[in-house]
Protein chains: 2
Amino acid sequence: MISTPLQQGSNAERSRHRNRQAVLGQVHLAGTIGRAEIARALALTTQTVSNIIAELSDDGMLIEKGRLSAGRGQPAIQYALKPEGGYALGVEVRPDAVFAALLDLTGRAVTTERVALAGTDPDIVLDHVTMVYTRALDQVPTARGRMLGAGIVMPGPFGLTGIAGMGTDLPGWQEVDAATLFSKAIDLPVVLSNDANAAAMAERITGAAQEMNSYAYLYFGTGLGLGLIHGGQLVRGAYGNAGEIGHIPIPGPHAKLEDAVSRLSVQRHLLAAGLDVHDIDALDQLFEQKNAALMTWLDTACDALGHAVAIVENLFDPQTVVLGGAMPNGILEHFVANTPLPDLSVSNRPHAPHPRLIQGASGRMTATLGAAALILNRALTAPLSHAH
Amino acid sequence: MISTPLQQGSNAERSRHRNRQAVLGQVHLAGTIGRAEIARALALTTQTVSNIIAELSDDGMLIEKGRLSAGRGQPAIQYALKPEGGYALGVEVRPDAVFAALLDLTGRAVTTERVALAGTDPDIVLDHVTMVYTRALDQVPTARGRMLGAGIVMPGPFGLTGIAGMGTDLPGWQEVDAATLFSKAIDLPVVLSNDANAAAMAERITGAAQEMNSYAYLYFGTGLGLGLIHGGQLVRGAYGNAGEIGHIPIPGPHAKLEDAVSRLSVQRHLLAAGLDVHDIDALDQLFEQKNAALMTWLDTACDALGHAVAIVENLFDPQTVVLGGAMPNGILEHFVANTPLPDLSVSNRPHAPHPRLIQGASGRMTATLGAAALILNRALTAPLSHAH
DNA sequence: GGATTAACTCAATTCAATTGAATTATCAAT
DNA sequence: ATTGATAATTCAATTGAATTGAGTTAATCC
């Protein structure tokens, strides 16, 4: 991926663009908010915010929500994001299918779809993605001309690495510039990412971490992934492959982390007990029945997850760790409740403002929705500068 | 520490500030460079860069370095950082002493000092730091009025955490706002950090990672620390305690990483062999003599370090991992040459543009110089924005 | 020596912010 | 009910910093 991000100077045009983003970000964060409050938060004058809001309203990205009386003074006109003001496409490419979702500016999914894939060649995949996009636009005509971009999730790692070709990545995609390919096919700005990173971003847009700038996300996919948000932005690494936590070795009977805690791990464990389980619903049923084999697996998995949390906490010192992904809700709940949190951690603070482990989004679409969130985050967050 | 960085809007003044930083950054990166090239790199007009350079030259931060003929066209006037244009103080507070260094704008140390500490109470420490600063200014009168700030390194973790009070942190400092205290005492902007983070930044200013925006730094202090640079900035975590890699559990005979690979670890190992070694020089001698006990330790330590590298690579996907800190140069070299690099890593690429493990600065002053580098980096790097 | 190329400068313009004064709408006290 | 305080908002003028466009200078290429 991109190794040297372009260092850019600033001018009037770029300032305005940044300020528009920042204003939208404040509105998103607050839900509804008045101009004066935005001005204070951004250290801009109310006049400037007024001008920007007029512009954004003209562009159909904001709507008035009445006035809010708060003590003395003229009550502030409240603004909120206009859902139809912008849309983001989220696409998740898996070996056997393409998932897609169209989110409006507020992060609500207005369409979702799944199409089976006959093969994973770039040609086939691009065809299907284009098809899915076209259908989404047909279903939601207001989105036409208001597309902010597309987030695409593919199984990582990207490029040729030591863990390529191990069955997780997509055959035929190791040496192509996927982002450009997609961007040309659907004529939209494209952000490419792995499932865990995308899911992490979703929590910031609609989920459990809306107020947070710095958190880690542990993602149940086929393996175990990690998404890191720092300063409101994804930590992608130099080549876009940050977060491969599943591959790191841990103490105990398992060689690597995701041997102990992942969907593949539980499937193998259940198979050994004579249960051939393939989808989330079946897993959920077993959990509801408190199946003994599943419960044994959960015990070891909780311990392993505790290790993962220890690593993440000590390396990033996040506000919280969010746990989510393609698992039944009940199992995520169980993990959040039963994972032993390490004492030996910088996050083990006496008066912690946030719980150390919280539950994020679950289910099959988590990464797909996250893909779209990558685009929304770009529209709603200005890269932060440092207060002096 | 700071949990929610202030999101700021942009205006003319802040744009100019940012552009000045960016111009200085380009000059620093290139060594000497002409205006047109800077303009291209920053996507600004040459006129703008011309104005900024005139301003910076007036302020005494840049000097002309003749013209450089490169093919056709009028040869570009080259500019370089003027060393006397700005200074940064680096201070490292240890339980028994305060180390200080004054760096000029180019990152060269113009004074260094060590003073013993009678105690670690804030009062005592602040007194000594003030004293050291005053003496530095006396020795380098040109620095007066040209101070950019002070970087202060203290043993972390900061604040009350699960690994506080384990002997590493400084008694009496857990619950004070150290940055403000220092800032008031010496009347300078202060950046506070732990040793590993500071040392990591030093590599970007003067060391092995000047061209890199995204790398990890493994630091030998008392324990083992980690500094993460992403997008040219430190990843500090929500509470400033990111990088406590020494505390994470690893497979093998040792409970945690720094039990196997750290200065404390080698000291213990040698003590068990009847050798009481306390400083770097003594360690260096043993290494030169190929002392058997030391060599056995190195073998296990290399393996453990390999684990650390595996974790860091898979979690961050950095351009490289830099190894440095308070160790003899020879031992660092040995580590770089003999640490087994994991195959199962996203960094194990066939045509890697950088070596996976490189050697950074070594010796007692590493963190002190790094402390000053935190300030220089602020002066020389504009927070990056994303190209659209 | 003339054409070409690229760096640089000057003067005018443009963009988007700030400033300062005026207006409006509410709360709180009399 | 009236009046003063407070805060949000608007209008018009100003300012700061970048861009634009035309011109100048100094090198290389042919």
Side-chain angles (χ1 to χ4, degrees), chain A residues 7-24 26-27 30 32-59 62-80 382 385, chain B residues 7-24 26-27 30 32-59 62-80 382 385:
Chain A
Q7 175 90 285
Q8 255 203 178
S10 177
N11 60 18
E13 186 188 336
R14 299 200 270 256
S15 282
R16 171 56 75 110
H17 182 244
R18 182 203 167 82
N19 288 347
R20 280 177 60 124
Q21 278 183 71
V23 167
L24 284 174
Q26 291 296 318
V27 176
T32 69
I33 191 172
R35 307 174 214 205
E37 196 182 338
I38 297 176
R40 279 189 299 266
L42 300 179
L44 293 171
T45 59
T46 50
Q47 185 56 58
T48 299
V49 173
S50 246
N51 294 339
I52 292 173
I53 284 203
E55 217 180 85
L56 289 170
S57 299
D58 273 1
D59 291 354
L62 291 180
I63 36 167
E64 288 193 19
K65 284 277 181 181
R67 302 182 96 113
L68 181 71
S69 237
R72 282 192 178 177
Q74 179 171 156
I77 302 171
Q78 299 298 105
Y79 291 89
S385 64
Chain B
Q7 175 91 283
Q8 257 204 177
S10 177
N11 59 18
E13 186 189 337
R14 298 199 270 257
S15 282
R16 171 56 76 112
H17 182 244
R18 182 202 166 85
N19 287 347
R20 280 179 59 126
Q21 279 184 80
V23 167
L24 284 174
Q26 291 298 317
V27 176
T32 69
I33 190 171
R35 307 175 216 206
E37 197 182 338
I38 297 175
R40 280 188 298 268
L42 299 180
L44 293 172
T45 60
T46 50
Q47 185 54 58
T48 299
V49 173
S50 246
N51 294 340
I52 291 173
I53 284 204
E55 215 180 87
L56 289 170
S57 300
D58 274 0
D59 291 354
L62 291 179
I63 37 169
E64 288 193 20
K65 284 276 180 183
R67 302 184 94 112
L68 180 73
S69 234
R72 282 192 177 177
Q74 181 174 153
I77 303 171
Q78 299 296 106
Y79 290 89
S385 64

Any donor-acceptor pair under 3.5 Å joining the side chain of B:Q47 to the base of C:dC10? yes
Please evaluate the base of C:dA7 for a donor-acceptor partner in the side chain of B:Q74 within a cut-off of under 3.5 Å? yes
Rounded off to whole Å, could you give me the [atom1]-to-[atom2] distance for the [X] and [N] pair?
{"X": "B:N11", "N": "D:dA17", "atom1": "CG", "atom2": "P", "answer": "9 Å"}
{"X": "A:R16", "N": "D:dA18", "atom1": "CZ", "atom2": "C1'", "answer": "15 Å"}
{"X": "B:N51", "N": "C:dA11", "atom1": "CG", "atom2": "C1'", "answer": "12 Å"}
{"X": "B:I77", "N": "D:dT25", "atom1": "CD1", "atom2": "C1'", "answer": "11 Å"}

Does any donor atom in the side chain of B:N51 or B:Q47 lie under 3.5 Å from an acceptor atom in the other side chain? yes
Taking atom types as modelled and ignoring hydrogens, do the side chains of A:S50 and A:R35 form a donor-acceptor contact shorter than 3.5 angstrom? yes
Name the nucleic acid region contacted by B:T48, choosing base, sugar-phosphate or nothing; use a 4.0 angstrom heavy-atom cut-off, strictly under. base
Sugar-phosphate, base or nothing in reach of B:N19, heavy atoms under 4.0 Å: sugar-phosphate
Judged by each residue's nearest nucleotide on DNA chain D, which is more toward the 5′ side, A:T46 or B:I52? A:T46
For the CD atom on B:E55, are there more than 12 heavy atoms of other groups (residues, nucleotides or ligands in this structure) within a distance under 6.0 Å? yes
Are any of B:R67's side-chain N or O atoms less than 4.0 Å away from OP1 or OP2 of D:dA27? no
